[in-house]
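Residues: numbered from 1 along the sequence shown.
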Amino acid sequence: MTDTPDFIVRKQFEIIQSKTVKERFEIFDGMMSFVRQMTIKRIKKRLGEDISDAQLKYELIKEYYGAELPEEQMAEIKMRLVK
């Protein structure tokens with residue numbers, strides 16, 4: 001589902017294609033950093049600001065890869081990180 005008209009999608013594509021590879025990478029890097037920051041913010045809101053670094057790492061892995069990894073592997077990751 002999209003609410004963006006086709007002519008806008010084409011214009012966005014043209015703008016991105018007009019950028020250098022370095023500029024495109026910087027845009028991508030900025031977007032990924034923003035998504036990571038928002039994910040951390042959401043996790044801390046749910047579990048508290050005082051969450052440990054190890055628990056935060058586990059929660060990030062669970063958020064990003066939890067649907068693809070088997071439960072046993074997630075349990076092992078949690079055991080190794082959170083102890």
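Other residues, nucleotides and ligands contribute more than 12 heavy atoms inside 6.0 Å of the CZ atom of Arg24. More than 12 heavy atoms of other shown residues, nucleotides or ligands fall within 6.0 angstrom of atom CZ in Arg46. No more than 12 heavy atoms of other residues, nucleotides or ligands sit less than 6.0 Å from atom CE of Met32. The local environment of CG in Asp53 is sparse, with at most 12 non-hydrogen atoms from other residues, nucleotides or ligands closer than 6.0 Å. The neighbour count for Tyr64 OH, taken as heavy atoms of other residues, nucleotides or ligands under 6.0 Å away, is above 12.
For the residue pair Leu47 and Ile51, the shortest heavy atom distance occurs at CD1-CD1, 3.7 Å. In this structure, Lys78 and Tyr58 approach most closely via the heavy-atom pair CB-CE1, 3.4 Å.
Hydrophobic clustering of Ile, Leu, Val, Met, Phe, Trp and Tyr side chains at less than 4.5 Å, counting indirect connections, unites Tyr65 with Val82. Following chains of ILVMFWY side-chain contacts shorter than 4.5 Å, one cannot reach Phe25 starting from Val35, and the two form parts of different hydrophobic clusters.
Between Ile43 atom CD1 and Glu49 atom CD the span is 11.5 Å, to the nearest 0.5 Å. Note that CD of Glu59 is 12.0 Å distant from CD1 of Ile40, once rounded to the nearest 0.5 Å. Atoms CG and CD1, from Leu69 and Ile61 in turn, are 8.5 Å apart once rounded to the nearest 0.5 Å. Note that CD of Gln37 is 10.0 Å distant from OG1 of Thr39, once rounded to the nearest 0.5 Å.
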Start with the C-alpha distance between Lys62 and Ile77, add both sets of side-chain angles, then the distance that settles side chain to side chain contact (heavy atoms under 4.5 Å, CB included), and finish with yes or no.
CA-CA 9 Å; Lys62 187 168 85 172; Ile77 291 169; over 6 Å; no
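Of the candidates Arg36, Met31, Met38, Met38 is the only one forming a side-chain contact (heavy atoms from CB on, under 4.5 Å) with Phe34.
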Report all side-chain donor-acceptor pairs from residues 10-21 shorter than 3.5 Å, counting only partners two or more places apart or in another chain.
residue	atom	partner	partner atom	Å
Ser18	OG	Ile15	O	2.6
Thr20	OG1	Glu23	N	3.0
Thr20	OG1	Glu23	OE1	3.3

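Side-chain heavy-atom separations under 4.5 angstrom define the hydrophobic clusters, and the remaining members of the one that includes Ile8 are Phe7.
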